[in-house]
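Everything below concerns the one structure shown next.
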Amino acid sequence: MGKLDDRVVIVTGAARGQGEQEARLFRAEGAEVVVADVLDDQGEALAKEIGALYVHLDVGEESQWRTAVAAALGAYGRLDGLVNNAGILRFHALADTPLDEFMQVVKVNQVGCFLGIKAVAGPIAEAGGGTIVNTASYTGLTGMAAVGAYAASKHAVLGLTRVAALELAGAGIRVNAVCPGVIDTAMADPTALDPDADPEAVRRSLDGLYRRLVPLGRIGRPEEVARLALFLTSADSSYITGQPFVIDGGWLAGVSVV
Ligand code: NAD
């Protein structure tokens, strides 16, 4: 028996990173999974490997959500869950952030989440209820210099989560959010920002940083976030809705002065 037997779940941004691990784990737990992303080659390869359906979905485009939900219903006949995982990160001080960049971040992280909730609420209600897991962040609960657009969008994701939980509870749909700290994916890889950087030197310096900043002393793994998303998608969390779940190795607990 899997924890998600007979469930059909869409995972956005599932071609790599945390979404990929969520897709893999949900499939292993018995769900039919719809891998949705803009990285078509990677997404298709993953879907083929795990026996899932791939759909091209830019989460900021409402018409593409309609197509993706129709594809899920066409393939599996029902829809029980969504993980709004797709996201992008951009670095600028607020005063230096171009409006286009701010709007791009909001469109993917915040509008994408809103459109996802809007697109799946009806079909999940028709299936008798289900779950939505939104991916916020540590920066959805506190500030972080140089990522203002991102932090603003992730705070908004928590607002959407709470309102959706209130509005959809009557339809049997639970809505929660995961708030990861720093997780070892492409998004947290500084060598992606500086192609000249020596990856080993960067890794050593980051390991030192995480040892100082994070009480558990290390970066998180995407598989660990996937297990939290599984908890929030399965019946194990049956009496939980409207909540942010921090998964950050203790980073947000406070600062140490010793
Ligand atoms: P990642 O960059 O590896 O994965 C993000 C995925 O989203 C990619 O597959 C990408 O193609 C997809 N994506 C981007 N724009 C999209 C769009 N418009 N439509 C559909 N898909 C799109 O990074 P990740 O760490 O796996 O990120 C997953 C989620 O976790 C994101 O929402 C991110 O903001 C959040 N998060 C990450 C960290 C971290 O440290 N890695 C920390 C907190 C929160």
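When a ligand or atom number is given, it counts from 1 through the structure's own listing order. Bear in mind the structure is a predicted one, so any value in this text is a computation, not a measurement.
Residue Cys179 forms a side chain to side chain contact (heavy atoms under 4.5 Å, CB included) with just one option from Asn134, Thr139, Thr135, Leu141, and that option is Leu141.
Hydrophobic clustering, defined by side-chain heavy atoms of Ile, Leu, Val, Met, Phe, Trp and Tyr closer than 4.5 Å, groups Val11 together with Leu4, Val9, Leu25, Phe26, Val33, Val35, Leu46, Ile50, Tyr54, Val83, Val133, Val178, Ile183, Val225, Leu228, Leu230, Phe231, Leu232, Ile240, Phe245, Ile247.
Between Arg66 and Glu61 there is no salt bridge, since no side-chain nitrogen of the basic residue lies less than 4.0 Å from a carboxylate oxygen of the acidic one. Taking 4.0 Å as the cut-off between side-chain N and carboxylate O, Arg203 and Asp184 count as a salt-bridged pair.
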*Tell me, with the steps shown, if Thr131 and Arg7 meet side chain to side chain donor-acceptor pair (under 3.5 Å).*
CA-CA 10 Å; Thr131 55; Arg7 305 276 309 275; 3.2 Å; yes
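Among all heavy-atom pairs drawn from Glu20 and Ala15, the shortest one is OE1-O, 3.8 Å.
For a heavy-atom separation below 4.0 Å, the residues in contact with ligand 1 are Gly13, Arg16, Gly17, Gln18, Asp37, Val38, Leu39, Leu57, Asp58, Val59, Asn85, Ala86, Gly87, Ile88, Val108, Thr135, Ala136, Ser137, Tyr150, Lys154, Pro180, Gly181, Val182, Ile183, Thr185, Ala186, Met187, Ala188.
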